[in-house]
**Q** 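Questions regarding the structure given below will be posed in turn.
FYI, the numbering just counts along the sequence from 1. Atoms within each ligand, like the ligands themselves, are counted from 1 in listed order.
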Amino acid sequence: MVAAVCDAGGYGVLPLWHKPIEAFEADLARTQSLSDRNFAVNINVANPYKDQLQICIDHKVHAVSLFWGIEREAIDMAKSAGLNVLYSVGNAAEAQAAEQAGADVIVAQGWEAGGHVWGQVSTMALIPAVVDTVNIPVIAAGGIADGRAMAAALMLGASGVWVGTRFLASYEATIHDTYRQRILDAPEDQTEWYYELYDVSWPDAPHRALKNATSQGWHRTGAPKPGQRPNEGQIIGHRPNGDPVERYQSYTPITGTTGDVDAMSLWSGQGVAQVRQVMSAAEIVDEIYRDAETALNNGRSIL
Ligand SMILES: Cc1cc2nc3c(=O)[nH]c(=O)nc-3n(C[C@H](O)[C@H](O)[C@H](O)COP(=O)(O)O)c2cc1C
């Protein structure tokens with residue numbers, strides 16, 4: 001998907017941080033072999049990250065995209081090796097800290113975003129606040145799923161957009177069919193932000209996902225804290241490699257997952273209502289770009 005996005009004129013971001021180091025390097029090398037274009041490798045700095053960063057340096061990647069808290073040492077390591085640094089933040093003060101620490105680009109992630117969500121400010125309010133605070137390019141993330149939303153983000157001062165949920169409905173996304181169908185069917189109010197619902201394997205990390213039997217069962221019992229939730233520890237399925245998936249586990253159901261996929265963490269942003277058709281990653285990049293251009297050209301005056 002990253003290679004396809006890059007070849008279509010986008011800038012792909014490759015999330016490898018959760019992989020064992022050998023797989024991290026192999027997938028990075030494979031992506032480099034599939035496209036000559038620049039892309040970034042996404043690294044979670046709340047985990048041990050130095051070996052991963054070193055591999056990015058050895059492979060001369062164009063940039064690293066760092067997230068989950070400002071880690072000055074990671075920025076120093078990447079910058080001193082000549083890599084560009086994209087930093088994901090959730091508010092303006094953090095954006096300023098990242099800029100001062102040497103980041104090249106800010107990724108401002110609004111609360112509408114799917115997956116793990118660092119901040120609590122909506123994209124509409126966050127982007128101008130961040131743009132007014134830093135002097136480096138700001139990329140808008142969260143709830144942006146079509147060209148109209150991209151145009152709006154550019155009007156707010158963003159230099160580009162970062163799109164997640166929309167690409168779940170691409171042919172290249174290796175997610176389970178049940179998960180993809182839920183994305184295609186969901187209206188905009190079918191996602192929910194949770195402080196710690198899917199906390200098994202990744203605690204203390206708020207997230208946004210589709211409502212399902214797991215979230216409904218948890219609400220029905222009064223939204224209890226971890227340790228007191230219904231069916232805690234229950235095995236609800238298995239990964240393709242046979243490892244169990246627990247209820248409340250932070251897990252992206254990929255192709256080959258078995259069991260009650262619908263009850264797993266189905267990450268989704270609020271822009272999901274604009275995701276109605278499976279397309280190639282290249283078609284998605286192209287459509288968003290063209291529709292943004294049209295929206296900007298058709299901008300109406302207020303009077
Ligand atoms: C399935 C899924 C997985 C994600 N995984 C990561 C990740 O590994 N690293 C990261 O920085 N952000 C991750 N995100 C968050 C995205 O980077 C981005 O902030 C978000 O998708 C933007 O909002 P949108 O989903 O409304 O487009 C993920 C999002 C989704 C939907």
**Q** Below 4.0 angstrom, counting only protein heavy atoms, does anything approach atom 12 (N) of ligand 1?
**A** no
**Q** Looking just at side-chain N and O atoms, do Asp7 and Ser35 make a donor-acceptor pair shorter than 3.5 Å?
**A** yes
**Q** Nearest protein heavy atom to atom 3 (C) of ligand 1: under 4.0 Å?
**A** no
**Q** Test Lys79 against Asp104 for salt bridge (Lys or Arg N to Asp or Glu O under 4.0 Å), laying out the working first.
**A** CA-CA 9 Å; Lys79 291 302 301 172; Asp104 300 288; 2.8 Å; yes
**Q** Can you confirm whether something in the protein, heavy atoms only, sits under 4.0 Å from atom 17 (O) of ligand 1?
**A** yes
**Q** Yes or no on salt bridge (Lys or Arg N to Asp or Glu O under 4.0 Å) for Lys225 and Glu196, after CA distance, side-chain angles and deciding distance?
**A** CA-CA 8 Å; Lys225 302 289 285 175; Glu196 54 188 357; 2.8 Å; yes
**Q** Flag Gln109 as yes when one of its N or O atoms lies below 3.5 Å from any N or O atom of ligand 1, and as no otherwise.
**A** yes
**Q** Whether Asp76 and Arg72 form a salt bridge (side-chain N of Lys/Arg under 4.0 Å from carboxylate O of Asp/Glu) is what I want to check.
**A** no
**Q** Taking the six-membered ring for Trp and the single ring otherwise, decide whether the centroids of Trp202 and Trp17 are under 6.0 Å apart.
**A** yes
**Q** Looking only at side-chain N and O atoms, does Thr133 offer a donor or acceptor that is under 3.5 Å from a partner on Gln96?
**A** no
**Q** Between ligand 1 and Thr165, is the shortest N or O to N or O distance under 3.5 Å?
**A** yes
**Q** Assess whether salt bridge (Lys or Arg N to Asp or Glu O under 4.0 Å) is satisfied between Arg30 and Asp27, documenting all intermediate values.
**A** CA-CA 5 Å; Arg30 178 150 182 270; Asp27 282 11; over 6 Å; no
**Q** Between the side chains of Asp58 and Gln54, does any donor sit under 3.5 Å from an acceptor?
**A** yes
**Q** Check Asn42 against ligand 1 and report side chain, backbone, both or neither, counting heavy atoms closer than 4.0 Å.
**A** side chain
**Q** If only side-chain N and O atoms count, and only distance matters, is there a donor-acceptor pair under 3.5 Å linking Tyr251 with Thr257?
**A** yes
**Q** Does Tyr179 approach ligand 1 within less than 4.0 angstrom via side chain, backbone, both or neither, non-hydrogen atoms only?
**A** side chain
**Q** Is the count of non-hydrogen atoms from other residues, nucleotides or ligands lying under 6.0 Å from Met1 atom CE greater than 12?
**A** yes
**Q** Taking only heavy atoms of Trp267 into account, list the atoms of ligand 1 that are under 4.0 Å away from them.
**A** 1 (C)
**Q** Using protein heavy atoms only, decide if any is under 4.0 Å from atom 22 (C) of ligand 1.
**A** yes
**Q** For ligand 1, which is the ligand I care about here, please tell me if His116 has any N or O atom under 3.5 Å from one of the ligand's N or O atoms.
**A** no
**Q** State if Trp17 counts as touching ligand 1 under the rule of any non-hydrogen atom under 4.0 Å.
**A** yes
**Q** For atom 14 (N) of ligand 1, which protein heavy atom lies nearest, and how many Å away is it?
**A** Gly114 O, 4.2 Å
**Q** Could you tell me whether Pro15 approaches ligand 1 through its side chain, its backbone, both or neither, with non-hydrogen atoms closer than 4.0 Å?
**A** side chain
**Q** List ligand 1 atoms under 4.0 Å from Gly269, heavy atoms only on the residue side.
**A** 26 (O)
**Q** Are any of the N or O atoms of Gly164 closer than 3.5 Å to those of ligand 1?
**A** yes
**Q** Under 6.0 Å between ring centres, would you say that holds for Phe67 and His116?
**A** no
**Q** Quick one: does Gly142 get within less than 4.0 Å of ligand 1, heavy atoms only?
**A** yes
**Q** With respect to Gly143, determine whether any N or O atom, backbone or side chain, lies less than 3.5 Å from an N or O atom of ligand 1.
**A** yes
